[in-house]
Amino acid sequence: MTPINRVLKEKNTTINPIWIMRQAGRYLPEFRDIRKLNTDFIKLCLNTKLAKEITLQPLKRFDLDAAIIFSDILMLPYALNQKVEFKKNFGPILGELDLDDILNVNEDEFVQKIYPVYDAINMVSNDNLTKNKSTIGFVGAPWTLLVYMLNKQSPKLGLKKDFFEDKSLIKKLLIIIEKFLKIHIKNQINNGADVIQIFDSWAGLLEKKDLSEYIYDPTLSLVNFVKSLNIPVICFPREIKNYKEFCEIVKPDAINIDYNTNPKIIVNNIKIPVQGGLDPKILLTDKEILKKEATKYLDIFKDHPYIFNLGHGVLPETDPNMFDYLVKTVKNY
Ligand code: CP3
């Protein structure tokens, strides 16, 4: 069993496996070299050979315990025929949403648009570099995908005013999203993903009264689906106010915490394995601070099943030497 699966399935507390969100990305010069020549991000994700190469780049440099496939949560709306573009220094921009068009997409057409991702997972999971390491497949949570598909861009400055106006559209969309997320998860697992992570990056935008409808119910359905395939599932409901309640209702195999969450309160209140937490900005300081802050998380979760990770993705301006130092600090703990 891989170290990550020993924590997830056996609740092992003697090892501290590590992988990092966005470990395949812009902080690595070898990624930027490929990206420069491939300006269309979606096309790059659909280039099996390059997606595999990018996924394995961090594993060539660092002693990480998992590969996470180079893809994006927005491949789902793309495969449902909504236009998705990535604008430099702005983020994703999505096109018009045509419900009739989306309702007409069937499973075969969806897979036809996205299968290079599954081929890349297959190649990565069979590569020598992932021996005794996990291959992590992932999806966006229904709520976060709904946000992008309706808001058409990151809701950094809040959701558009009319976001909740068309309740019937929202209900129909959530059903479609959930259906295709299950197809997407199943295909990633069939091609070698041995862990699934569900990213709910905008969970923090919702008020308590809306959590059941938009987060708990649809995420629970996905979590149960992954469990039925005998694969462990990690949830990351970023900035959700009550992680404990989330865990009690949704019951994932592990919970990823964000960097604004107090790890001491988590360790005292949450029974399931925990992942992540360290503020990615700490990697922009110096080695002394980095060691102190990383050790803080390792100390707090000393007797708790814990997978080391950050509280959000590694920042593009991170020095790979600091990343290396972090991995070594965790491995030598
Ligand atoms: O290494 C990995 O973690 C695997 C690959 C991965 C990417 N995106 C590649 C990527 C994963 C797991 C994601 C998830 C993702 N994508 C999330 C959830 C996690 C989070 O960050 O909250 C979200 C919200 C997205 C949507 C998305 N994709 C945004 C908002 C952006 C633009 C912001 C940015 O960082 O530029 C992306 C682009 C993206 N996805 C990049 C990468 C490596 C950067 C692309 C580039 O090279 O310009």
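Ligands are counted one by one from 1 in listed order, and the atoms in each one are counted from 1 as well. As a basis for the values below, the full set of heavy atoms in this structure was taken, side chains included, without hydrogen atoms, waters or symmetry mates. In this chain, numbering begins with 1 at the start of the sequence shown.
The shortest non-hydrogen separation linking Q23 to L64 is OE1-CD1, 3.7 Å.
Residue-ligand proximity, F31 to ligand 1, at heavy-atom distances under 4.0 Å covers atoms 47 (O). Near A24, the atoms of ligand 1 lying under 4.0 angstrom from a non-hydrogen atom of the residue are 1 (O), 43 (C). The ligand atoms of ligand 1 that sit less than 4.0 angstrom from a heavy atom of M21 are 3 (O). The Q23 neighbourhood of ligand 1 comprises atoms 1 (O), with distances under 4.0 Å to a heavy atom of that residue. In the vicinity of I69, heavy-atom distances shorter than 4.0 Å reach the ligand 1 atoms 4 (C), 5 (C). Counting the atoms of ligand 1 from 1 in the order shown, those under 4.0 Å from a heavy atom of R35 are 46 (C), 47 (O), 48 (O).
The single protein non-hydrogen atom nearest to atom 14 (C) of ligand 1 is I73 CG2, 3.8 Å, given as residue, atom name and distance. Ranking protein heavy atoms by distance to atom 34 (C) of ligand 1, first place goes to R26 NH2, 3.0 Å. The protein atom (non-hydrogen) at minimum distance from atom 22 (O) of ligand 1 is S201 OG, 2.5 Å. When only non-hydrogen protein atoms are considered, atom 3 (O) of ligand 1 lies nearest to R22 N, 2.6 Å. When only non-hydrogen protein atoms are considered, atom 38 (C) of ligand 1 lies nearest to F86 CE2, 3.5 Å. Protein heavy atom nearest atom 24 (C) of ligand 1, with residue, atom name and distance: Y148 OH, 3.3 Å. Scanning the protein heavy atoms around atom 40 (N) of ligand 1, the nearest turns out to be D72 OD1, 2.7 Å. In terms of protein heavy-atom proximity, atom 11 (C) of ligand 1 is closest to F138 CZ, 3.6 Å.
Contacts of T144 with ligand 1, taken as heavy-atom pairs under 4.0 Å, are absent altogether. For H312, every heavy-atom contact with ligand 1 shorter than 4.0 Å involves the side chain, none the backbone.
In this structure, the side chains of K133 and I4 stay at 4.5 Å or more apart for every pair of heavy atoms. Here the side chains of D324 and K328 are in contact, with some heavy-atom distance below 4.5 Å. Within the 4.5 Å cutoff, the side chain of F86 has heavy atoms near those of the P92 side chain.
Aromatic ring centroids of H312 and F199 lie 6.0 Å or more apart. Annotation: F164 is in aromatic contact with Y214 [ring centroid separation under 6.0 Å].
Expressed to the nearest 0.5 Å, how far OG of S221 lies from CG of L174 amounts to 11.0 Å.
For the residues G313, G140, G25, S71, the heavy atom positioned nearest atom 9 (C) of ligand 1 is part of S71. By heavy-atom distance, the residue among Y27, F41, W19 lying nearest atom 41 (C) of ligand 1 is F41.
A cation-pi arrangement is not found for K52 relative to F70, the charged atom failing to lie both closer than 6.0 Å to the ring centre and inside a 45° cone about the ring normal.
At distances below 3.5 Å, not a single donor-acceptor pair connects side-chain atoms of R22 with backbone N or O atoms of G313. One N or O on the side chain of N309 and one on the backbone of W19 form a donor-acceptor pair closer than 3.5 Å.
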Quick one: do Y118 and H184 satisfy ring pair (Phe, Tyr, Trp, His ring centres under 6.0 Å)? Show the steps, please. CA-CA 9 Å; Y118 308 137; H184 193 33; 5.6 Å; yes
